[in-house]
**Q** 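Below: one structure in structure tokens.
Fair warning: this is a prediction, and the values are worked out from it, not measured in the lab. Just the heavy atoms: all of them, side chains too, but no hydrogens, waters or symmetry mates, feed the values below.
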Protein chains: 2
Amino acid sequence: MKPEHQIIDLAKVKVSCTNCSLTELCLPRGMGEDAVRKLEKIIKRASPLQKGEYLYRGGDPFNGIYAVRSGLIKVYANSDGGEEQIIGFYLPGEILGLDAIENNTHACFAVALETSSYCTIPFADLSGICKVVPELQDQLFKIMSRELTNENQMLLTLGKKNAEEKVATFLLTISNRYRQRGYSANDFKLIMSRQEIGNYLGVTFETVSRIFSRFQRDGIISVHKKYVNILDMDALKKLVSGCCG
Amino acid sequence: MKPEHQIIDLAKVKVSCTNCSLTELCLPRGMGEDAVRKLEKIIKRASPLQKGEYLYRGGDPFNGIYAVRSGLIKVYANSDGGEEQIIGFYLPGEILGLDAIENNTHACFAVALETSSYCTIPFADLSGICKVVPELQDQLFKIMSRELTNENQMLLTLGKKNAEEKVATFLLTISNRYRQRGYSANDFKLIMSRQEIGNYLGVTFETVSRIFSRFQRDGIISVHKKYVNILDMDALKKLVSGCCG
DNA sequence: CGCGTCGTTGAAGCCGCTCAATAGATGTGG
DNA sequence: CCACATCTATTGAGCGGCTTCAACGACGCG
């Protein structure tokens, strides 16, 4: 047994946005030192979530928003009929929970798809700092605005694209987001299952599987289990821009 | 001819949120007198848009957000392939343009579907007031949060529902929004065309037409041209909650 | 009246779903 | 370590809901 003093309460660990590699993607992006220091005072870091553990559930009171530090968080909504619709997958540096501000209650569910660490940002405190740190207010407006833009894109994908275009769009979006984070844009692991990809895109998982296979036959990608290698990025891009390139 | 002094430059007309019947739906909701007065100072009212006139287009610089005063504004995005996806229909009291904050550029198009009046709220000014009027900042966060919630609902509709459920959901949503505004929840005119309803819901206009006819045959609604009368609200609600009541 | 737009309705075809079988991966317990 | 159960992924076959294509009627407008 290790001595007791090595047991660390992660909730009390001081969060350092300054030293965080995600700063340029996350809330502190473009903020001054002073502002970041104020931010650090309210942000809490809890112990990481294990796969399958929930960050919040529908009906939970809204306490704060969350920034993903590592791992992957799935957010989904439940329809009246009980089936779930995945709203989004959140990568390190991205912020979730913003949709609960209005009602002070979460309507969606947020669950870790792999071991994930995150920061909790109590919203009352954040809102308070916004009132004295104009840059932070602007940054929060921008983050919410970006979320709206992302969802608009998703509406377009769900409403206008066929299954093949949906899957191609999905792969490209994931690829871009990994590149932003310094990972390879061509080789990556899809943490989520085929089931979850299909749910997100509004198609069945069999269709996702078939299209992956087709893309592989056509030399556009190569897939082994959850690992994807994009071989022909241009072909993928051509697929999403409809037709007639 | 009327004398010249009756020609009014509407852009210079003082806007009075205080006297506006939409206050409780719009930006000033729940704000104190002082805050509303500050808000009134920056809000501009231009001459109404005629049917088919644009509030903004994709690529336009972002100057401010807009509050609908009367009429109906359609917002849509263009895919790479050139086809449009309608993102939403905005009724009096609702605010649009929030998705352009991040990039300082509009990615979507906003066009009037009938004669519509609106208020322009320059975002730089609004953001400035937010910094001294905490209630306004909170209200803006809430409005953006609500927009996110709405879009989440729409993702669920597009991703999980069949054509019948989509149309039923659409009718119920419209009905609720009219009721909120003091209009009849059972009798209303659909300003948008079948084409636009279908586009919004991710189905063809023929399908929308067929489902309207089916609903009428089943005694759920009665439709004549653009006029809809909801006869059996419960039946509609049962349709959207999937199955098994 | 003639023309264009919008809405309705029918018929046929296709894309994606449903159902099903199989294989591989993963985990568990004897 | 292997037998067994479970879960995920792949692939095939057939079906069905929605789309596509087409014809027609109802309006509105010059």
**Q** When you match A:Lys225 and A:Thr204 each to their closest nucleotide on DNA chain C, which lands nearer the 5' end?
**A**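 Upstream on the strand: A:Thr204.
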**Q** For a quick check of understanding: with a heavy-atom distance under 4.0 Å over all strands, which category does A:Gly202 fall into, base, sugar-phosphate or nothing?
**A**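 Answer is sugar-phosphate: A:Gly202 comes under 4.0 Å of backbone atoms only.
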**Q** Taking the six-membered ring for Trp and the full ring for Phe, Tyr or His, determine whether the centres of A:Phe109 and A:Tyr56 are under 6.0 Å apart.
**A**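 For A:Phe109 and A:Tyr56, the ring centres are not under 6.0 Å apart.
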**Q** Checking side-chain contact (heavy atoms from CB on, under 4.5 Å) between B:Ser116 and each of B:Leu55, B:Ile73, B:Val111, B:Leu91, which is the one that passes?
**A**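 Running side-chain contact (heavy atoms from CB on, under 4.5 Å) over B:Leu55, B:Ile73, B:Val111, B:Leu91 with B:Ser116 returns exactly one hit, B:Ile73.
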**Q** Can you measure B:Glu206 atom CD to D:dC18 atom P for me and round it to whole angstrom units?
**A**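 My rounded result for the distance is 13 Å.
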**Q** May I ask you to verify whether the side chain of B:Arg210 and the base of C:dG7 hold a donor-acceptor pair under 3.5 Å?
**A**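 Donor-acceptor pair under 3.5 Å: no.
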**Q** Starting at atom CZ of B:Phe212, determine the distance to atom P of C:dC6, rounded to an integer number of angstrom.
**A**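 In whole Å, C:dC6 P lies 16 Å from B:Phe212 CZ.
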**Q** More 5' along DNA chain C: A:Ala163 or B:Phe205, using each one's nearest nucleotide?
**A**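 Mapping each residue to its closest nucleotide by heavy atoms, the 5'-most match is B:Phe205.
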**Q** Within this structure, what is the CD1-to-P distance between B:Ile197 and D:dC18, rounded to whole angstrom?
**A**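 Rounding to the nearest Å, CD1 of B:Ile197 and P of D:dC18 are 17 Å apart.
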**Q** Take the protein atom CZ of B:Arg194 and the nucleotide atom P of C:dT8, then report the distance between them rounded to whole Å.
**A**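 Between P of C:dT8 and CZ of B:Arg194: 4 Å.
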**Q** Is the positively charged end of B:Arg181 above the ring of B:Tyr183, judged by distance under 6.0 angstrom from the centroid and angle within 45° of the axis?
**A**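 Geometry flag: not set, cation outside 6.0 Å or 45°.
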**Q** Rounded to the nearest Å, what distance is computed from the CG atom of residue B:Asn162 to the P atom of nucleotide C:dG16?
**A**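 Between P of C:dG16 and CG of B:Asn162: 17 Å.
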**Q** What is the distance, to the nearest angstrom, from the CZ atom on A:Phe215 to the C1' atom on D:dT10?
**A**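 After rounding, the reported distance stands at 16 Å.
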**Q** Measure from NZ on A:Lys51 to P on D:dC7 and round the result to the nearest Å.
**A**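 Rounded to the whole Å, the gap is 13 Å.
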**Q** Could you give the CD-to-P distance, from B:Glu165 to D:dC18, as a whole number of Å?
**A**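 Atom-to-atom, B:Glu165 to D:dC18, this comes out as 9 Å.
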**Q** Looking at B:Tyr227, I'd like to know if its OH atom is crowded, meaning that more than 12 non-hydrogen atoms belonging to other residues, nucleotides or ligands lie closer than 6.0 Å.
**A**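 Open.
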**Q** Return no unless some side-chain N or O of A:Ser193 is found under 4.0 Å from OP1 or OP2 of D:dC7.
**A**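 So the side-chain polar atoms of A:Ser193 never come under 4.0 Å of the phosphate oxygens OP1 or OP2 of D:dC7.
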**Q** Reckon A:Thr207 has a side-chain N or O less than 4.0 Å from the OP1 or OP2 of C:dC17?
**A**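 A:Thr207 to C:dC17 OP1/OP2: side-chain N or O found under 4.0 Å.
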**Q** Counting only heavy atoms not in A:Lys51 (residues, nucleotides, ligands), do more than 12 fall under 6.0 Å from its NZ?
**A**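 Open.
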**Q** Are A:Lys226 and D:dA9 close enough that a side-chain N or O sits under 4.0 Å from OP1 or OP2?
**A**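 Indeed, a polar side-chain atom of A:Lys226 lies that close.
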